[in-house]
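Below: the structure, in structure tokens.
Counting begins at 1 with the first residue of the sequence. Whatever order the structure lists ligands and atoms in, that order sets their numbers, starting from 1.
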Amino acid sequence: MMEVIVTADIGGTHIRAAVFPREGSKPLRQKRITTKGKDTAQVRLNALIAELIQPDDKVLAIAAAAPGPTDPKLGLVLNAPNISGWENLPLARIIGDQFKVPVYLGNDANLAALGEWRFGAGQGHHDLVYLTISTGIGGGVISDDRLLLGQRGLAAELGHVTVNPDGPMCGCGHRGHLEAFSSGTAIARYVAGQLASGRTSSLTSIPSPSARDISAAADNGDPLAIEALERAGRYLGIAIANYLHVFNPSIVILGGGVSSSGAHFFLPMRQSLKENVFAPGYLDNLTVTTAALGDDVGLLGALALAHTSLKAA
Ligand SMILES: [Zn+2]
């Protein structure tokens with residue numbers, strides 16, 4: 001028998017699962033399927049896990065990264081807006097009932113923080129802030145070598161901190177959150193608004209420019225695109241200064257597609273971070289860097305959760 005850990009990364013469009021040896025972070029097997037299908041997402045997830053497990057595997061644990069707010073202590077997905085029916089879903093029990101092994105669950109951004117800490121850019125750090133910046137903004141915090149969960153596992157929603165109460169509406173329905181300024185969606189919306197008000201730009205010819213289009217246009221010197229990224233970067237710097245004040249990390253890791261937007265995004269972020277930190281000590285030995293694990297961060301974050309949980313059990 002071979003001792004293995006199975007992990008899953010559940011997204012709104014795809015579910016990935018992988019089988020890892022007890023030690024090590026190289027998967028033995030892995031597969032990706034679409035989230036939507038004839039059966040519910042939880043049935044498809046269990047079928048995918050069953051398919052990957054071989055007869056001579058001894059499964060020690062299954063760990064899964066879920067999209068949206070998750071209560072890891074109760075094993076509940078509280079709300080996954082992109083998966084129909086996933087509200088207060090007892091996912092840990094659903095998986096555990098079928099496979100009869102310990103099941104660990106976490107919010108995907110929290111687990112990404114754990115994955116980067118254990119296997120990626122954050123190795124060797126004890127205090128870490130992780131942000132994933134794509135269509136939305138998620139976060140995770142490691143404090144003194146522990147993932148910060150809060151009483152219901154809802155801690156570290158770093159995209160939903162207020163950086164300007166008079167700012168635009170956030171996807172969550174509140175005004176002026178970081179996500180409403182610095183996510184890919186927010187950058188695209190800002191440019192769309194400026195174009196609609198008559199601004200000229202190389203982006204005018206693109207029907208609805210994405211954050212990626214805007215980043216490319218900025219690299220080609222387009223003033224509106226540069227302005228949009230600078231604005232997003234400036235607000236990100238304000239938010240990061242706040243995180244430094246609360247958590248005093250030694251590293252801030254930026255993941256997600258927008259974090260590859262380049263100097264037009266990063267330089268204003270670093271500048272505003274410096275301007276908004278209230279004591280220079282927060283910047284001592286501080287590393288601000290991009291994530292290292294790419295698309296595997298969910299699977300590896302869940303693996304890190306399984307390792308940590310098995311050790312604690
Ligand atoms: Zn919000």
Side-chain angles (χ1 to χ4, degrees), residues 10-13 65-72 76-84 86-89 106-113 128-141 147-194 208 210-212 214 228-247 249 252-259 261 265 268-269 272-273 276 291 297-298 301:
I10 306 156
T13 48
T70 297
D71 186 329
L76 289 178
V77 178
L78 298 175
N79 175 23
N82 295 322
I83 305 180
S84 73
W86 279 36
E87 241 173 76
N88 293 316
L89 182 82
N107 157 269
D108 52 7
N110 274 342
L111 293 194
L128 171 158
V129 167
Y130 169 86
L131 278 171
T132 173
I133 310 172
S134 55
T135 51
I137 297 183
V141 173
L147 179 67
L148 199 74
L149 291 175
Q151 59 135 341
R152 286 215 74 189
L154 301 178
E157 282 293 349
L158 303 180
H160 301 283
V161 298
T162 306
V163 289
N164 177 349
D166 302 318
M169 196 61 88
C170 184
C172 72
H174 293 269
R175 201 168 274 288
H177 287 173
L178 175 65
E179 184 173 295
F181 284 101
S182 305
S183 64
T185 312
I187 294 168
R189 192 175 51 192
Y190 177 76
V191 165
Q194 294 294 311
S208 47
S210 66
R212 189 183 300 243
I214 294 161
L229 289 180
E230 280 179 352
R231 174 176 178 271
R234 218 167 50 243
Y235 278 104
L236 178 62
I238 293 172
I240 292 176
N242 289 328
Y243 309 147
L244 298 191
H245 297 154
V246 180
F247 303 113
V252 176
I253 300 175
L254 304 176
V258 176
S259 62
S261 291
F265 183 63
M269 180 273 284
S272 93
L273 170 57
N276 286 285
V297 70

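Taking 2.8 Å as the threshold, Cys170 counts as a candidate ligand of the Zn ion (ligand 1), since one of its N, O or S atoms lies below it.
We find the OH-CG distance between Tyr190 and Leu229 to be 11.0 Å, quoted to the nearest 0.5 Å. Rounded to the nearest 0.5 angstrom, Asn110 CG and Thr132 OG1 are separated by 12.0 Å.
Ile238 is not listed as a side-chain neighbour of Asn164, based on a closest heavy-atom distance of 4.5 Å or more.
Taking the Zn ion (ligand 1) as reference, His160 places its N/O/S atom ND1 nearest. The closest approach of His177 to the Zn ion (ligand 1), by N/O/S atoms, is made by ND1.
With hydrogens and angles disregarded, a donor-acceptor distance shorter than 3.5 Å links the side chain of Tyr243 to the backbone of Leu158.
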